[in-house]
Colleague: 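Handing you a structure now.
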There are 2 protein chains.
Amino acid sequence: MNKSDLKLISVLERTGGFASAQELHQILRREGDGIGLTTVYRALQSLVDDKIVDLLRRDDGEAIYRLCGDGHHHHLVCKGCGQTVEIEGGAIENWAKTMAEEFGFREVAHTAEIFGLCSKC
Amino acid sequence: MNKSDLKLISVLERTGGFASAQELHQILRREGDGIGLTTVYRALQSLVDDKIVDLLRRDDGEAIYRLCGDGHHHHLVCKGCGQTVEIEGGAIENWAKTMAEEFGFREVAHTAEIFGLCSKC
DNA sequence: TATGGAAATGATAATCATTTTCATTTGTGA
DNA sequence: TCACAAATGAAAATGATTATCATTTCCATA
């Protein structure tokens with residue numbers, strides 16, 4: 001956790017919601033911070049690794065970032081507008097554990113996302 | 001619906017599951033078809049527009065396609081050696097459907113992968 | 001305080017999927 | 001056969017992301 005990481009966290013706190021690396025970079029630049037795009041990408045990656053921010057994808061594939069809510073959760077993402085709902089994955093946790101056991105896997109993690117069109121789109 | 005569209009559908013039927021545009025192009029080339037990458041992208045786009053194939057995103061943002069309503073499966077991947085097991089996701093299908101309904105989402109698709117260490121690693 | 005090495009930084013170039021452009025080919029109805 | 005629209009694909013353009021690498025900043029220790 002270094003200075004750049006903290007800057008990014010600060011921007012994400014203030015903006016709320018999702019933002020792309022390029023947008024976050026522009027915001028910092030606009031605020032007079034001379035931070036480089038490379039550093040923005042590095043900081044975001046490190047924050048994702050530390051599970052401090054979530055990384056999702058916009059419809060066009062661009063990566064978007066947001067501060068993690070607490071705890072383990074999954075996402076329900078609208079393909080139209082990008083609106084995202086954090087959901088619990090109770091059934092998934094069991095499924096992952098069961099499948100892993102069945103095939104003798106240990107130290108398991110899993111990913112699961114649901115994509116669709118929200119009621120507005 | 002033209003000749004290229006049909007070629008792509010045929011490949012997707014044979015491979016099953018997801019494949020990227022680049023992969024689909026390589027498969028067709030390997031089979032002796034001189035189809036161009038541009039045409040592959042165009043055909044996939046038109047199939048997505050017609051809701052004949054689903055478009056999702058891999059973790060790295062690359063677009064992946066699969067036939068709609070395809071009986072699909074999930075993967076159990078070893079972080080050590082890369083060995084992959086195809087597994088059924090019965091519990092997940094229901095979970096995804098339930099969650100989507102709860103939040104008023106339609107045309108839903110989902111991704112789910114489990115990562116761990118296999119018995120040999 | 002000086003110093004030496006490790007970590008952080010950022011400009012630049014490279015990568016890679018995807019989209020545009022545009023000239024050529026193919027198919028089709030008159 | 002002719003004219004014309006649709007389809008095709010090579011090549012260039014685009015845009016996000018990653019790799020390189022020289023330089024700067026930290027920081028512990030002498």
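Here is the naming used below: chain letters follow the sequence lines, and residue numbers restart at 1 for every chain.
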Colleague: Any heavy-atom pair between the side chains of B/Val108 and B/Lys97 that's under 4.5 Å?
Modeller: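 When only atoms from C-beta onward are counted, B/Val108 and B/Lys97 do not touch, as no gap falls below 4.5 Å.
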Colleague: Using a 4.0 Å cut-off on heavy atoms, which residues in residues 30-45 of chain A reach DNA chain C? List them by number, or say none.
Modeller: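 Within residues 30-45 of chain A, the residues near DNA chain C are A/Gly34, A/Ile35, A/Gly36, A/Thr38, A/Thr39, A/Arg42.
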Colleague: First and last nucleotide of DNA chain D touching chain A, 5' to 3', heavy-atom cut-off 4.0 Å?
Modeller: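 Both ends considered, the range comes out as D/dA16 to D/dC26.
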Colleague: Taking ring pair (Phe, Tyr, Trp, His ring centres under 6.0 Å) as the definition, give me every residue that meets it alongside B/His25, ordered by chain and number, with sequence neighbours left out.
Modeller: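 Residues passing ring pair (Phe, Tyr, Trp, His ring centres under 6.0 Å) with B/His25: none at all.
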Colleague: Tell me the salt bridge (Lys or Arg N to Asp or Glu O under 4.0 Å) pairs involving residues 98-108 of chain B, sequence neighbours left out?
Modeller: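 Counting only pairs at least two positions apart or across chains, the salt bridge (Lys or Arg N to Asp or Glu O under 4.0 Å) contacts touching residues 98-108 of chain B are B/Lys51-B/Glu107.
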Colleague: Show me the pairs that pass ring-ring contact (aromatic ring centres under 6.0 Å, His included) and involve residues 83-103 of chain A, at least two apart or across chains.
Modeller: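 Only A/Trp95-B/His74 qualify under ring-ring contact (aromatic ring centres under 6.0 Å, His included).
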Colleague: Would you mind telling me which residue lines up with the more 5' stretch of DNA chain C, A/Lys7 or B/Gln22, judged by nearest nucleotide?
Modeller: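 The 5'-side residue here is A/Lys7.
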Colleague: Not counting sequence neighbours, list each pair that qualifies as a salt bridge (Lys or Arg N to Asp or Glu O under 4.0 Å) and has a residue in residues 36-45 of chain B.
Modeller: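 Every pair satisfying salt bridge (Lys or Arg N to Asp or Glu O under 4.0 Å) with a residue in residues 36-45 of chain B: there are none.
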Colleague: Can you list everything that forms a side chain to side chain donor-acceptor pair (under 3.5 Å) with B/Glu62? Sequence neighbours excluded, please.
Modeller: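 Counting only residues at least two positions away or on another chain, B/Glu62 forms a side chain to side chain donor-acceptor pair (under 3.5 Å) with B/Ser20.
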Colleague: Between P on C/dT18 and CG on A/Asp59, what's the gap in Å once rounded to a whole number?
Modeller: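 To the nearest whole Å, that distance equals 13 Å.
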Colleague: Starting at atom CG of A/Asp60, determine the distance to atom P of C/dT18, rounded to an integer number of angstrom.
Modeller: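 In whole Å, C/dT18 P and A/Asp60 CG are 11 Å from each other.
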Colleague: Detail all sub-3.5 Å separations between protein N/O atoms and N/O atoms belonging to nucleotides 23-29 of chain C.
Modeller:
from, atom 1, to, atom 2, distance (Å)
C/dG27, OP1, B/Lys3, NZ, 3.3

Colleague: Taking the side chain as everything from C-beta on, heavy atoms only, tell me whether A/Leu76 gets closer than 4.5 Å to B/Phe105.
Modeller: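 When only atoms from C-beta onward are counted, B/Phe105 and A/Leu76 do touch, with a gap below 4.5 Å.
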Colleague: Given side chains that start at C-beta, do those of A/Glu88 and A/Glu93 come closer than 4.5 Å, heavy atoms only?
Modeller: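 Not touching, per the 4.5 Å side-chain cut-off.
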Colleague: Rounded to the Å, how far apart are B/Glu23 CD and C/dC16 C1'?
Modeller: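 Atom CD in B/Glu23 sits about 14 Å away from atom C1' in C/dC16.
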Colleague: What's A/Ser20 touching, base or sugar-phosphate or nothing? Going by heavy atoms closer than 4.0 Å.
Modeller: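 Nothing: the residue A/Ser20, judged by heavy atoms under 4.0 Å, touches no strand.
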Colleague: Quick one: salt bridge (Lys or Arg N to Asp or Glu O under 4.0 Å) pairs with a partner in residues 27-41 of chain B, sequence neighbours left out?
Modeller: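 Qualifying pairs, neighbours excluded: B/Lys7-B/Asp33, B/Arg14-B/Glu31.
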Colleague: If Ile, Leu, Val, Met, Phe, Trp and Tyr residues are connected whenever their side-chain heavy atoms lie under 4.5 Å apart, and connections chain through other members, are A/Leu55 and A/Val11 in the same group?
Modeller: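 Same hydrophobic cluster.
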Colleague: Who pairs with B/Thr38 by side chain to side chain donor-acceptor pair (under 3.5 Å), at least two apart in sequence or on another chain?
Modeller: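 None.
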Colleague: Connecting only ILVMFWY residues whose side-chain heavy atoms lie within less than 4.5 Å of each other, what is the rest of A/Val77's hydrophobic cluster?
Modeller: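 Taking Ile, Leu, Val, Met, Phe, Trp and Tyr as members, A/Val77 shares its hydrophobic cluster with A/Phe18, A/Leu56, A/Ile64, A/Phe115, B/Phe18, B/Leu56, B/Ile64.
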Colleague: Around atom CG of A/Asp60, are there more than 12 heavy atoms from other residues, nucleotides or ligands closer than 6.0 Å?
Modeller: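 Above 12, so yes.
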Colleague: How sharply is the helix from C/dT1-D/dA30 to C/dA30-D/dT1 bent, taking the axes over five pairs at either end and rounding to 10 degrees?
Modeller: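 So the angle between the two local helix axes works out to 10°.
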